[in-house]
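Index from 1, following the sequence.
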Amino acid sequence: MLMHVLDPGRRMGTALGMAGEVPRSGFVELRQPKEHRAVGHGNLIAYLSDVWKHRRPDLVVYEAPWSVPAWFQTNRTKPFPTNADGVESGLQLEAVITGMCIRYGIRFEPVRRQTVLKFVTGSSKHGSREAGKKAVIEACIRMKLVEPGCKDDDRCDAVANFVFASSEFARKRVGDFQLFA
């Protein structure tokens, strides 16, 4: 099963490979910080079209965006949340991914960040977003899925999603899988 795994964002992590094998991984800069979100949508369409013209994956897996209610729940201590840009952008990128999958006839599955965190690190909570990202990077290095010294959290998020998806959807383990070294 060929899987294309995406961690969508302005800077999108990617992992592409056969289930059970170490994927090719990296990132794609969808847009610059000051550019309109639509630039990222167009670049995502171009990227997926280019990759899939060579060979369509059997499965596309992507990290599901936050829902608007979840964002409000997390930001409830403020009088009124003022910047939902990340949530809106995530939902728009999801729409591009799912629309492209439907257009190309490719199965797609969203995965939840907390589920993947628990699967690859042994815990769904690490105290902060930064600590969770660090734990994912360390897990990817420990499993020998990225080179030692890698600091690219977008790439490692995509690789972690790949590890989870390979196990969950293809029943194949990836890399030197151990929760604790």
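- Closest heavy-atom contact between Gly20 and Ser166: N-OG, 2.8 Å.
- Taking Lys53 as the reference, Asp50 meet the salt bridge (Lys or Arg N to Asp or Glu O under 4.0 Å) condition, with sequence neighbours excluded.
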- Message: Working note: Val146 + Ile137, criterion side chain to side chain contact (heavy atoms under 4.5 Å, CB included); need CA distance, chi angles, decisive distance, verdict.
- Response: CA-CA 9 Å; Val146 297; Ile137 292 170; 5.8 Å; no
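- Transitive grouping of hydrophobic side chains (ILVMFWY, heavy atoms separated by less than 4.5 Å) keeps Leu59 and Ile106 in distinct clusters.
- With sequence neighbours left out, the side-chain hydrogen bond (donor to acceptor under 3.5 Å, both in side chains) criterion links Asn161 to no other residue.
- Residues Arg37 and Arg31 have side chains in contact (heavy-atom distance under 4.5 Å, counting atoms from C-beta outward).
- Side-chain contact between Thr14 and Val5 is absent, with no heavy atoms from C-beta onward closer than 4.5 Å.
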- Apply side chain to side chain contact (heavy atoms under 4.5 Å, CB included) to the pair Asp153 and Val136, showing each step before the final yes or no. CA-CA 8 Å; Asp153 61 274; Val136 167; over 6 Å; no
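- Taking CG from Leu48 and SG from Cys101, the interatomic distance works out to 7.5 Å, rounded to the nearest 0.5 Å.
- Note: the hydrophobic cluster containing Val96 also contains Trp52 (ILVMFWY, side chain heavy atoms under 4.5 Å, direct or indirect links).
- Scanning for salt bridge (Lys or Arg N to Asp or Glu O under 4.0 Å) contacts around Arg103 gives an empty result, with sequence neighbours left out.
- Contact detail for Met100 and Ser49: the closest heavy-atom pair is CE-OG, 3.4 Å.
- Applying the ring-ring contact (aromatic ring centres under 6.0 Å, His included) test to Phe108 and every residue at least two apart in sequence or in another chain returns nothing.
- Grouping the Ile, Leu, Val, Met, Phe, Trp and Tyr side chains by contacts below 4.5 angstrom, directly or via other members, places Leu6 with Ile102.
- Note: the hydrophobic cluster containing Met1 does not contain Val51 (ILVMFWY, side chain heavy atoms under 4.5 Å, direct or indirect links).
- Judged as a side-chain hydrogen bond (donor to acceptor under 3.5 Å, both in side chains), and not counting sequence neighbours, Tyr104 has no contacts.
- Residues passing the side-chain hydrogen bond (donor to acceptor under 3.5 Å, both in side chains) test with Asn43, sequence neighbours excluded: none.
- Screening residues 119-131 for salt bridge (Lys or Arg N to Asp or Glu O under 4.0 Å), with sequence neighbours left out, gives no hits.
- For the salt bridge (Lys or Arg N to Asp or Glu O under 4.0 Å) test, residues two or more places apart in sequence or in another chain that qualify with Glu109 are Arg107.
- Shortest non-hydrogen contact noted between Ile97 and Pro8 is CD1-CG, 3.9 Å.
- Nearest approach of Ala165 to Val61, heavy atoms of both residues: CB-CG2, 3.7 Å.
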- Given the rule in the side chain to side chain contact (heavy atoms under 4.5 Å, CB included) test, do Cys150 and Cys140 qualify, once you have shown the distances and angles that lead to the verdict? CA-CA 9 Å; Cys150 178; Cys140 288; over 6 Å; no
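- Contact of the His126 side chain with the Lys134 side chain is not registered, since no non-hydrogen atoms from C-beta on lie closer than 4.5 Å.
- Every pair passing ring-ring contact (aromatic ring centres under 6.0 Å, His included) that includes a residue from residues 149-170 is listed here, sequence neighbours excluded: Phe119-Phe164.
- Asp157 places no side-chain N or O within 3.5 Å of a backbone atom of Asp7 that could act as its donor or acceptor partner.
- Pairs engaging residues 8-45 under the ring-ring contact (aromatic ring centres under 6.0 Å, His included) rule: none recorded [sequence neighbours left out].
- Of all non-hydrogen atoms in Pro23 and Val174, the two that sit nearest each other are CD-CG1, 4.4 Å.
- Within 6.0 Å of NZ on Lys133 lie more than 12 heavy atoms contributed by other residues, nucleotides or ligands.
- Atom CZ of residue Arg24 and atom CG of residue Leu16 lie 5.0 Å apart, to the nearest 0.5 angstrom.
- Residues passing the salt bridge (Lys or Arg N to Asp or Glu O under 4.0 Å) test with Glu147 are Arg155, sequence neighbours excluded.
- Ring pair Tyr47/His4: centre-to-centre distance below 6.0 Å.
- A search for side-chain hydrogen bond (donor to acceptor under 3.5 Å, both in side chains) contacts involving Gln114 returns nothing, not counting sequence neighbours.
- Going from atom CG of Leu30 over to atom CZ of Arg11 covers 10.5 Å, rounded to the nearest 0.5 Å.
- The existence of a salt bridge linking Lys172 and Glu21 is excluded, since no basic side-chain nitrogen approaches an acidic carboxylate oxygen closer than 4.0 Å.
- A single hydrophobic cluster is seen to contain both Val120 and Ile141, as judged by linkage of ILVMFWY side chains at heavy-atom distances under 4.5 Å, directly or through other members.
- Counting heavy atoms from C-beta outward, Pro65 and Glu94 have side chains that approach closer than 4.5 Å.
- Summarising the geometry of Leu93 relative to Gly9, their closest heavy-atom pair is CD1-N, 3.6 Å, with the distance given to 0.1 Å.
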